[in-house]
Amino acid sequence: MRTEATPDQVQQVEDEIQRIGCRPFINPGVERKVIAVLGAIDARKGDLVEHFNAFPGVARVELISHLWKLASREYHPTDSVIEVAGVKIGADEVVVAAGPCSIESEAQTIEIARAVKAAGAKFLRGGAFKPRTSPYAFQGLGEQGLRFMAKAREETGLPVVTEVMDTHEVDLVAKYADVLQIGTRNMQNYALLKMVGTLRKPILLKRGLGAKLKDLLMSAEYIMSEGNPDVILCERGITTFEDSTRNTTDINAIPVLKHWTHLPVIIDPSHATGDWRYVGSISKAAVAGGADGLIIEVHPDPIHAMSDGPQSLTPSKFTALMDQLRRVASAVDRTL
Ligand code: PEP
Ligand code: MN
């Protein structure tokens with residue numbers, strides 16, 4: 001719409017979009033209102049461009065070239081900034097979430113939360129519902145784990161990020177979590193994506209092991225098309241022929257996603273490498289490469305961790321890494 005378009009003119013366009021059987025999405029808070037027209041249509045797209053061009057207040061009509069519409073830069077040219085409990089994700093500050101792979105006990109959760117907060121982390125991560133490769137492996141503490149995270153938030157003020165694996169548990173996890181994580185294995189669980197799309201809490205969406213970036217953005221689109229605009233994308237390593245590391249970090253994902261989408265992009269160097277000795281290097285590469293944040297596994301006693309000990313940093317190694325990351329961030333004109 002033109003910057004001087006009146007609310008009536010905007011409404012008229014929205015009504016017309018509905019009349020032709022599509023859904024209007026308005027990108028709010030920006031000077032120029034962009035209205036996305038979403039839906040399957042019978043009419044020729046070129047005819048629709050002409051049709052809407054004739055409406056008063058319309059500046060121009062463009063076809064969004066990508067299949068992800070709401071996630072695209074064409075719909076929302078500026079970077080999206082997602083605010084959680086006063087922390088901004090996608091702004092100048094590089095934001096770090098840290099914590100154990102699995103929530104194991106109240107004492108463990110509070111101890112780690114205090115340590116990562118002191119080191120500068122802005123979120124506590126931790127799994128209460130764990131997607132494990134083996135059904136015989138530790139499956140997480142469930143709701144009790146969520147309660148321990150809530151206790152740690154009370155003690156430290158850190159907002160919490162935790163995974164939801166099943167549509168039946170969305171309400172339960174949303175009751176405790178500040179950010180809900182959709183894990184790698186569920187990236188294309190469309191029922192789950194649609195359900196978290198109805199929430200008013202940010203979603204951390206992890207890339208599937210064998211998913212293209214295009215697939216990741218289509219999954220983000222599922223969430224956004226249900227009305228939740230707050231999606232944080234996470235590159236966490238993909239399966240390749242290389243087996244010297246647990247997964248292969250796709251560093252290319254950062255500039256490609258930044259090109260295609262306005263959503264914040266973060267890196268998970270712990271699952272991407274599977275080895276604590278490589279976590280520092282990949283974290284620094286991610287910050288240098290333009291990532292908006294990191295999610296890092298930290299455990300005070302990695303050898304005895306219930307899951308992912310080999311890729312977990314101790315609090316002291318995490319603290320030392322944060323000092324280095326601050327300098328990398330400042331080299332690329334960001335803070336941390
Ligand atoms: C996790 O973050 O604990 C996790 C299981 O991650 P992913 O889904 O990336 O494997
Ligand atoms: Mn893990």
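Note that this is a predicted model, so its numbers are computed, not measured. The first residue in the sequence is number 1, and the count goes up from there. Order of appearance sets the numbers: ligands from 1, and atoms from 1 within every ligand.
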Counting distance only, does the side-chain N/O of Q108 pair as donor-acceptor with the main-chain N or O of S102 below 3.5 Å?
-> yes
Would the number of heavy atoms belonging to other residues, nucleotides or ligands and lying under 6.0 Å from CG of D171 be above 12?
-> no
More than 12 foreign heavy atoms under 6.0 Å from NZ of K69: is that the case here?
-> yes
OD2 (D308) to the Mn ion (ligand 2) to SG (C101), nearest 10°, is 100°
Please assess I182 against K206 for the test side-chain contact (heavy atoms from CB on, under 4.5 Å), listing each intermediate value before the final yes or no.
-> CA-CA 6 Å; I182 300 292; K206 296 186 109 182; over 6 Å; no
Filtering K206, R236, H271 for the heavy atom nearest atom 10 (O) of ligand 1 leaves R236
Below 4.0 angstrom from a heavy atom of G183, which ligand 1 atoms are there? Numbered from 1 as shown, please.
-> 8 (O)
Note: NE2(H271)-the Mn ion (ligand 2)-OE2(E297) angle, rounded to 10 degrees, equals 90°
Residues T240 and E242: side-chain donor-acceptor under 3.5 angstrom | no
Under 6.0 Å from the NZ atom of K212, do we count more than 12 heavy atoms belonging to anything else shown?
-> no
Ligand 1 contact by R207, heavy-atom criterion under 4.0 angstrom = no
Under 3.5 Å, N or O to N or O, is K130 touching ligand 1 that way?
-> yes
May I ask which of T162, T133, T184, V161 has a heavy atom nearer to atom 8 (O) of ligand 1 than the others do?
-> T184
Taking N or O atoms only and a 3.5 Å limit, does R125 qualify as a polar contact for ligand 1?
-> yes
